[in-house]
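Reading through the C-alpha cells given below for one structure.
In each ligand, atom 1 is the first atom listed, and ligand 1 is the first ligand listed. No experiment lies behind these values; they were computed from the predicted model shown.
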Amino acid sequence: MSNPLYLQRCISAECCAEFDLDARLYVCSRCGGLLDIERREEIATDSLREIWLTRRASFDSRDRSGVWRFREFLPFPEDADVVSLGEGNTPLYDAPRSADYCRLPQLKLKHQGCNPTGSFKDTGMTVAVTQARKLGARLVVCASTGNTAASLAAYAARASLQCAIIVPAGQVSHAKLAQALDYGAKVLEIDGNFDASMSVIRELAEDESIYLVNSINPFRIEGQKTVAFELAEQLEWSVPDHLVLPGRNLGNSSAFGKGFRELLKSGLIDRQPKITVVQAEGAAPFARFYSDEEHSEFVNEEHPKTLASAIKIGAPVSWQKAWRAVHETGGSVITVTEQEIADAKAVIGRDGIGCEPASATTVAGIRKLGINENESVVALLTGHVLKDTDYVIKYHNQSLTDPDERRLESRFANAPIRVAASADAIRDRIYKM
Ligand code: F0G
C-alpha cells in the first residue's frame with residue numbers, strides 16, 4: 001500500500017503538479033519537470049535524535065543501515081520490506097595534510113567510498129531498489145559511468161531482480177565493470193558517451209515493467225539525502241560553514257540540498273551549510289551556468305572531457321534541483337583542472353584516505369576557493385581509491401596524461417623502486433628514505 005503521508009510533486013513553480021507516491025514516474029507527466037517526494041505533514045522530531053542514536057547499537061538490519069536508521073524521513077511504512085546491504089554510517093575523518101594543502105587549520109572528509117560497493121550511490125540505491133520491488137518491477141536499469149552500475153547490480157542481486165546496465169564502451173574503469181559483472185548484471189556497452197546511454201535508457205523505461213534508477217528517480221534522492229542527517233549527527237547537530245562535493249549528473253548535490261532543507265524545516269539544525277559543487281574544467285556546464293550572471297540558459301557540454309571518468313557527463317539531468325541547493329544556501333560552483341585533481345588526490349592519499357579522481361575535485365576546489373580559516377569545511381569523497389587504480393599507478397609512475405594527451409606533472413609522485421633481492425640492498429634503500 002502506498003504511504004498516504006507522502007506524494008510526488010513537480011518542482012517547477014509554474015506547474016507544481018502532484019502525483020501519488022507510487023505513480024511510476026521519473027519526471028512530471030504534465031510538464032516534464034523534475035519530481036520531489038514530499039511529506040504532507042510535519043514530522044514530530046522531539047525524541048528523534050535519541051532514537052536515531054540508539055539504533056546504532058541495535059542488530060535490526062534497518063537500524064544497522066545508515067539510511068534506514070533515519071526512516072522517519074523516508075516515504076515508506078514502518079514495516080517496509082527493505083533491500084539493504086548495511087549502507088551508510090561512513091566515517092568523517094580529520095585530514096590534516098589535506099587541510100594544510102588547502103591552507104586551512106582543519107578539514108574534514110566524509111568518506112562515502114566506504115559504502116558496500118565503494119561509492120555514495122549505495123545510499124540512494126537501497127531506497128530506489130526497495131521501491132522497484134514494491135512496484136513489482138521485473139527489470140531494473142540504469143545508464144552509468146560505472147559506480148551507479150556497480151551499486152545497482154549489487155542491490156538488484158540482493159532483491160532477486162533482473163538488472164541491465166548501459167555503459168559507454170571502453171570508458172568505464174575495470175574495477176567498476178568487474179563489480180557489475182560479478183553481481184550478475186547484464187552489462188550492455190554502447191558506442192557513445194554517458195549522455196547517449198542516458199537518453200537510450202529513458203526511452204526504454206517507458207515500458208511499465210522496467211524501472212529506471214538513475215538519480216532522476218526521486219527515490220534515489222531520498223536515500224542520498226540521509227547523508228546530510230548522518231553528517232549533522234556526526235557533528236553533534238551543528239553543521240559546517242561549507243559542504244563541498246563533486247557534481248556531474250547533480251543528483252548528489254540535489255540530495256544534500258533536500259536533506260539540509262528538511263533538517264532545517266524540522267528544527268533539527270539551525271542553519272544550512274553553503275553547498276559548493278566542483279566540476280572538472282573539461283566537463284563543466286553547471287559551472288558555466290553559475291558564472292553567467294543572468295543564469296538564463298543551461299547549455300549542455302557536447303564533448304565532455306576529463307580523466308575523472310565518473311564525472312564525465314555533459315547533460316546533467318538534475319541541474320535545476322542542484323541549482324536550488326546552491327542558490328538557497330549561498331554556495332557556489334567552481335571548476336578545477338586535471339592537474340589540480342591529480343595532485344589533490346595524491347595529497348588526500350597522504351592522509352591515509354584513498355579516493356577516486358572525481359572525489360579529489362573537492363580538495364582541489366577548496367584550495368582554490370580560499371576559504372577563511374575561521375570557517376569549518378567538510379568535503380565529500382564520493383568513491384574509493386580502488387575504483388580506478390590505473391589512474392593512481394600512472395600518476396605515481398609519472399605517466400598520467402590529460403584527455404588531450406598532455407603529460408601531467410606528478411608533484412607528489414611515489415613510484416615503486418626496483419631493488420635487488422638482498423637484505424643489504426633493501427636496507428640501503430630504506431635508510432635513504
Ligand atoms: N563522484 C563519483 C565517484 C561518481 O561516480 C559520480 C557520478 C559523481 C561523483 C557525481 O555525482 O552525478 O550525483 O553529481 N557517477 C555516476 C555513475 C554518473 O554513473 O556512476 P552526481
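- Protein heavy atom in closest approach to atom 17 (C) of ligand 1: Thr148 OG1, 2.9 Å.
- Taking a 4.0 Å cut-off on heavy atoms, Lys121 registers as neighbouring ligand 1.
- For Arg324 and Asp36, the salt-bridge test passes: some basic side-chain N is under 4.0 Å from an acidic carboxylate O.
- Numbered from 1 in the order shown, with element, the atoms of ligand 1 that lie under 4.0 Å from a heavy atom of Gly247 read 14 (O).
- With respect to Arg56 and Asp63, no salt bridge is recorded, no charged nitrogen being found less than 4.0 Å from a carboxylate O.
- The contact set between ligand 1 and Ile313, taken as ligand atoms under 4.0 Å from a residue heavy atom, comprises 18 (C).
- A salt bridge links Glu230 to Lys110: one of the charged nitrogens lies within less than 4.0 Å of a carboxylate oxygen.
- Contact annotation: for Lys387 versus ligand 1, there are no heavy atoms closer than 4.0 Å.
- Only one option out of Ile201, Val140, Leu139 pairs with Ile210 in a side-chain contact (heavy atoms from CB on, under 4.5 Å); it is Leu139.
- Those atoms of ligand 1 with a heavy atom of Asn249 less than 4.0 angstrom away are 12 (O), 14 (O), 21 (P).
- The ring-ring contact (aromatic ring centres under 6.0 Å, His included) contacts involving residues 307-355 comprise Phe289-Trp319, Phe289-Trp323, His295-Trp323, Phe298-Trp319, Trp323-His327, where partners must be two or more places apart or lie in separate chains.
- Checked for salt-bridge contact, Asp388 and Lys394 miss the test: no charged N lies under 4.0 Å from a carboxylate O.
- For ligand 1, none of its N or O atoms has an N or O atom of Glu356 under 3.5 Å away.
- The nearest protein atom to atom 11 (O) of ligand 1, hydrogens excluded, is given as Phe120 CZ, 3.4 Å; this is a heavy-atom distance.
- The protein heavy-atom contact nearest to atom 1 (N) of ligand 1 is Thr382 OG1, 2.7 Å.
- A salt bridge links Arg288 and Glu301; the closest N-O separation between the charged side-chain nitrogens and carboxylate oxygens is under 4.0 Å.
- Nearest protein neighbour of atom 5 (O) of ligand 1, counting heavy atoms only, is Asn147 ND2, 2.8 Å.
- The single protein non-hydrogen atom nearest to atom 4 (C) of ligand 1 is Ala310 CB, 3.5 Å, given as residue, atom name and distance.
- Taking every non-hydrogen atom of Asn252 and a distance limit under 4.0 Å, the qualifying atoms of ligand 1 come out as 13 (O).
- Atom 21 (P) of ligand 1 has Leu250 N, 3.5 Å as its closest protein atom, hydrogens excluded (heavy atom only).
- The existence of a salt bridge linking Asp81 and Arg62 is excluded, since no basic side-chain nitrogen approaches an acidic carboxylate oxygen closer than 4.0 Å.
- Interface of Gly251 with ligand 1, defined as ligand atoms under 4.0 Å from a residue heavy atom, comprises 13 (O), 14 (O), 21 (P).
- Each of Arg261, Lys265, Lys321 was checked for a salt bridge (charged side-chain N to carboxylate O under 4.0 Å, His left out) with Glu328, and the lone residue meeting it is Arg261.
- Atom 8 (C) of ligand 1 has its closest protein heavy atom at Ile311 CG2, 3.6 Å.
- Considering backbone and side-chain atoms alike, Ser253 places every N or O at 3.5 Å or more from each N or O of ligand 1.
- For Glu281 and Lys368, the salt-bridge test fails: no basic side-chain N is under 4.0 Å from an acidic carboxylate O.
- At a heavy-atom distance under 4.0 Å, atoms from both the backbone and the side chain of Ser144 approach ligand 1.
- Annotation: side chain of Thr145 is not in contact with side chain of Ser309 (no heavy-atom distance under 4.5 Å).
- Which parts of ligand 1 touch Ala358 is read off a 4.0 Å heavy-atom cut-off, strictly below it: atoms 1 (N).
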